[in-house]
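Naming: A, B, ... by sequence-line order, numbering from 1 per chain.
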2 protein chains.
Amino acid sequence: MKRNRHAHNVLPNSLGELELTLLDVVWQMPDSDARTITAELSDERTVSLSTVQSTLERLVRKNLLERKKFSHAYRYRAIQSRSELLGNLLKDVIKLLHDGKAATILSSFVNVADRLDDNALDELEQLIQHKRKETGGNRE
Amino acid sequence: MKRNRHAHNVLPNSLGELELTLLDVVWQMPDSDARTITAELSDERTVSLSTVQSTLERLVRKNLLERKKFSHAYRYRAIQSRSELLGNLLKDVIKLLHDGKAATILSSFVNVADRLDDNALDELEQLIQHKRKETGGNRE
DNA sequence: CTAAAAACCGATTCTGAGTCGAAGTTTCAG
DNA sequence: CTGAAACTTCGACTCAGAATCGGTTTTTAG
């Protein structure tokens with residue numbers, strides 16, 4: 001085996017520019033076909049239908065989109081929602097750099113969360129309560 | 001300008017395999033030179049001194065390492081700690097996919113945090129209290 | 001059956017990571 | 001002061017993934 005010699009990114013779910021843009025379109029308009037997506041795109045950038053098609057295909061291979069044929073065109077739909085993807089990417093990053101101490105994750109998270117308002121903090125507290133019941137008091 | 005046509009990864013701080021490995025060594029043994037680092041590495045994989053040097057240089061260019069000459073060799077040291085890097089990567093991911101609703105981040109975070117034990121939850125609650133005082137009750 | 005639309009199939013470019021040897025430079029010991 | 005050892009720099013190359021798109025084949029609806 002040993003296919004690690006030229007692996008690029010150590011994060012498994014890496015995304016290109018266009019890939020993310022297309023994901024955004026599909027999230028906003030599920031079950032669109034390549035032509036529709038391309039048209040939607042033209043407002044921001046000009047890309048040929050072919051490019052869009054092969055990029056969508058790559059996203060299918062990456063298990064980010066699924067597609068089904070309707071009459072003569074594939075319609076694409078996201079497998080993960082935006083927030084699910086966010087969660088998975090966060091998980092990847094944490095898996096990569098997390099040193100075993102939960103505190104490390106926590107402080108990173110709170111630092112990141114500059115923009116948390118009071119409502120958000122309320123929600124977080126509720127989630128903590130929920131988590132406490134769920135685990136019923138375990139330790140590492 | 002418009003140099004976006006062939007940009008690879010939409011995450012700015014992408015890391016390669018060897019880069020991460022070298023970072024790990026430098027975190028564990030700060031102020032080592034390339035030779036020492038290479039030697040340390042040989043236990044896990046065999047890489048030439050040149051390769052290690054140019055990879056270290058890339059990490060300096062990426063602002064992850066800094067170096068200073070001691071007599072005739074550069075000694076390398078991390079600019080960001082492991083947990084700082086973790087925090088920055090988390091920030092990048094969130095900036096990329098966060099849809100404006102704090103709840104999205106929060107639920108992602110709690111999903112990620114399978115491994116949070118009671119102590120960690122306590123800590124998180126304290127951080128929330130701290131945050132509340134800091135912001136003094138604002139809303140989005 | 002046929003024209004249009006879509007899918008499929010390469011080919012090409014660009015970039016970053018990894019790889020390393022060879023040439024150039026610095027340092028220190030004698 | 002000089003030369004060998006150690007280190008840095010430079011350039012060249014491979015590999016892989018993203019983006020790009022034109023041409024060919026397949027599918028479908030009228």
Side-chain angles (χ1 to χ4, degrees), chain A residues 1-25 31-39 41-42 44-76 96, chain B residues 1-25 31-39 41-42 44-76 96:
Chain A
M1 223 146 265
K2 192 170 274 192
R3 188 137 316 295
N4 266 40
R5 302 239 334 305
H6 288 281
H8 274 193
N9 198 316
V10 78
L11 269 341
N13 293 307
S14 69
L15 283 179
E17 180 82 16
L18 181 59
E19 291 177 330
L20 215 227
T21 308
L22 294 189
L23 269 181
D24 266 330
V25 174
D31 296 301
S32 310
D33 58 25
R35 176 164 301 280
T36 311
I37 293 171
T38 307
L41 233 55
S42 307
E44 342 170 18
R45 55 194 287 189
T46 311
V47 185
S48 85
L49 178 61
S50 283
T51 302
V52 172
Q53 281 171 326
S54 51
T55 303
L56 288 170
E57 221 173 306
R58 207 183 316 133
L59 288 170
V60 170
R61 252 183 287 129
K62 288 184 177 184
N63 261 305
L64 291 168
L65 294 181
E66 59 184 355
R67 64 184 190 178
K68 209 167 283 179
K69 222 168 200 169
F70 281 75
S71 86
H72 58 326
Y74 283 119
R75 308 260 182 104
Y76 295 83
L96 196 67
Chain B
M1 224 144 265
K2 193 171 277 191
R3 187 134 319 292
N4 267 42
R5 303 238 333 304
H6 288 282
H8 276 192
N9 198 317
V10 77
L11 269 342
N13 293 305
S14 69
L15 283 180
E17 180 81 17
L18 181 58
E19 291 176 331
L20 215 226
T21 308
L22 293 190
L23 270 180
D24 265 328
V25 174
D31 296 302
S32 311
D33 59 24
R35 176 163 301 283
T36 311
I37 293 171
T38 307
L41 233 55
S42 306
E44 341 172 17
R45 54 194 287 189
T46 312
V47 185
S48 85
L49 178 61
S50 282
T51 301
V52 171
Q53 280 169 327
S54 51
T55 302
L56 288 169
E57 220 173 308
R58 207 181 318 130
L59 288 170
V60 170
R61 252 182 287 129
K62 289 186 178 181
N63 260 305
L64 290 169
L65 294 181
E66 61 185 354
R67 63 184 191 179
K68 209 168 282 177
K69 218 164 202 172
F70 281 76
S71 85
H72 58 326
Y74 283 119
R75 310 259 183 106
Y76 294 83
L96 196 66

How close or far is atom P of C:dA17 from atom CG of B:Leu11, stated in whole angstroms?
13 Å

Please compare B:Thr55 and A:Ser54 by the position of their nearest nucleotide in DNA chain C and report the one closer to 5'.
A:Ser54

What's the verdict on side-chain hydrogen bond (donor to acceptor under 3.5 Å, both in side chains) for B:Thr36 and B:Asp33, showing C-alpha distance, side-chain angles and the deciding distance?
CA-CA 5 Å; B:Thr36 311; B:Asp33 59 24; 2.6 Å; yes

Look up atom CG in B:Asp31 and atom CZ in B:Arg67, then write down how far apart they are to the nearest 0.5 Å.
14.0 Å

Please report, rounded to the nearest Å, how far the P atom of D:dG17 is from the CG atom of A:Asn13.
14 Å

What's the spacing between B:Leu64 CG and B:Leu56 CG if we round to 0.5 Å?
11.5 Å

Measure the distance from CG on B:Leu22 to C1' on C:dG18 and round it to the nearest whole Å.
11 Å

Would you kindly give the CD-to-P distance between A:Glu17 and D:dT20, to the nearest whole Å?
9 Å

Do you know which two heavy atoms are closest between B:Ser48 and B:Thr38, and how far apart they sit?
C-CG2, 4.4 Å

Can you check the A:Arg58 CZ to D:dG17 P distance for me, whole Å?
10 Å

Closest approach of B:Lys69 to B:Tyr74 (non-hydrogen atoms, all atoms of both residues)
N-CD2, 3.8 Å

Taking CG from B:Leu56 and P from D:dC10, how many angstroms apart are they, rounded to a whole number?
16 Å

Between the base of C:dG16 and the side chain of A:His8, is there a donor-acceptor distance below 3.5 Å?
yes

Could you state the atom-to-atom distance from CG of A:Asn9 to C1' of D:dA18 in whole Å?
13 Å

For B:Leu59 and D:dT8, what is the distance between atoms CG and P respectively, to the nearest whole Å?
15 Å

Pairwise 5' ranking along DNA chain C for B:Ser71 and B:Thr51, keeping only the more 5' one:
B:Thr51

About how many Å separate OG1 of B:Thr55 and CG of B:Leu22, when rounded to the nearest 0.5 Å?
6.0 Å

Close N/O contacts between protein and nucleotides 4-8 of chain C (under 3.5 Å):
from: C:dA6; atom 1: OP2; to: A:Arg35; atom 2: NE; distance (Å): 2.4
from: C:dA6; atom 1: OP2; to: A:Arg35; atom 2: NH2; distance (Å): 2.8
from: C:dA6; atom 1: O3'; to: A:His72; atom 2: O; distance (Å): 3.3
from: C:dA7; atom 1: OP1; to: A:Tyr74; atom 2: N; distance (Å): 2.8
from: C:dA7; atom 1: OP2; to: A:Gln53; atom 2: NE2; distance (Å): 2.5
from: C:dC8; atom 1: OP2; to: A:Arg67; atom 2: NH2; distance (Å): 3.3

